[in-house]
Amino acid sequence: VSTRFGGQKVNPGAATTTACSKLETLKAKFLAQQNSTKEDFAAETKNYATKICEGTGCEQNDAERERFRAEWSLVQKYYTEELARLESLLERVEDTIAEPPFRRCPE
């Protein structure tokens, strides 16, 4: 069964199928961004390890160490905010996928 819409044949469920595809694409995009953010933070953690510590093998200049600590604080804040933003977006997409008619989408 198909209907004419604007002179074109449209099969029932075509819009839902298209929306399902877009939701899956968004979910994959946000998951990739989340993984990338976690990997970047892990790299930054290693990068700042010797810059913010005290003792042998650490930054010896007190002023530089304090500057690095301030930078590290901003890196942590950005990471926390970005991770929360991505988790919120993923949750919204997954909630939408769980609702009709999208819950019948093939995954």
Side-chain angles (χ1 to χ4, degrees):
V1 173
S2 64
T3 59
R4 292 244 174 230
F5 184 75
Q8 295 181 342
K9 285 175 71 172
V10 178
N11 291 327
T16 302
T17 303
T18 301
C20 287
S21 176
K22 288 181 181 181
L23 286 169
E24 286 300 318
T25 300
L26 280 174
K27 183 177 177 179
K29 174 186 170 183
F30 295 142
L31 283 171
Q33 287 178 352
Q34 187 180 46
N35 289 335
S36 176
T37 299
K38 288 178 181 179
E39 289 170 4
D40 291 346
F41 184 72
E44 287 298 313
T45 300
K46 288 180 184 177
N47 183 35
Y48 277 90
T50 58
K51 295 179 180 181
I52 61 175
C53 65
E54 293 183 31
T56 307
C58 299
E59 177 62 49
Q60 297 301 310
N61 185 320
D62 290 340
E64 282 294 303
R65 187 172 46 250
E66 285 306 312
R67 184 176 68 81
F68 287 131
R69 284 181 178 165
E71 285 178 10
W72 176 240
S73 178
L74 291 174
V75 168
Q76 288 176 310
K77 181 179 184 277
Y78 170 77
Y79 171 74
T80 302
E81 290 173 355
E82 182 65 6
L83 207 56
R85 182 186 76 84
L86 291 169
E87 286 173 357
S88 172
L89 290 170
L90 273 168
E91 185 178 318
R92 287 174 54 194
V93 168
E94 288 171 349
D95 287 348
T96 301
I97 290 172
E99 294 294 319
F102 303 112
R103 68 176 168 216
R104 292 189 275 294
C105 292
E107 289 209 34

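FYI, the numbering just counts along the sequence from 1.
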If you measure from [atom1] on [X] to [atom2] on [Y], what distance do you get to the nearest 0.5 Å?
| X | Y | atom1 | atom2 | value |
| --- | --- | --- | --- | --- |
| I52 | E66 | CD1 | CD | 10.5 Å |
| L31 | E94 | CG | CD | 7.0 Å |
| K22 | F102 | NZ | CZ | 10.5 Å |
| R85 | F30 | CZ | CZ | 7.0 Å |
| T96 | E91 | OG1 | CD | 10.5 Å |

Under 4.0 Å between a Lys/Arg side-chain N and an Asp/Glu carboxylate O for K77 and E81? yes
Residues R65, D62: salt bridge by 4.0 Å N-O rule: yes
In short, salt bridge (Lys or Arg N to Asp or Glu O under 4.0 Å) pairs touching residues 38-56 with sequence neighbours left out are E54-R69
Nearest non-hydrogen partners of [X] and [Y], listed with the distance:
| X | Y | value |
| --- | --- | --- |
| R104 | P100 | NH1-CB, 4.4 Å |
| C53 | A49 | SG-O, 3.4 Å |
| V93 | L23 | CG1-O, 3.7 Å |
| K27 | I97 | CD-CD1, 4.3 Å |

Quick check: does any side chain N or O of Q76 sit under 3.5 Å from a backbone N or O of E71, one acting as donor and the other as acceptor? no
Using a 3.5 Å distance criterion without hydrogens, assess whether the side chain of S36 forms a donor-acceptor pair with backbone atoms of A32. no
According to ring-ring contact (aromatic ring centres under 6.0 Å, His included), does anything in residues 78-100 pair up with another residue at least two apart or in another chain? List the pairs. F41-Y79
Can you sort out the partners of Y48 under ring pair (Phe, Tyr, Trp, His ring centres under 6.0 Å), two or more places apart, ordered by chain and number? W72
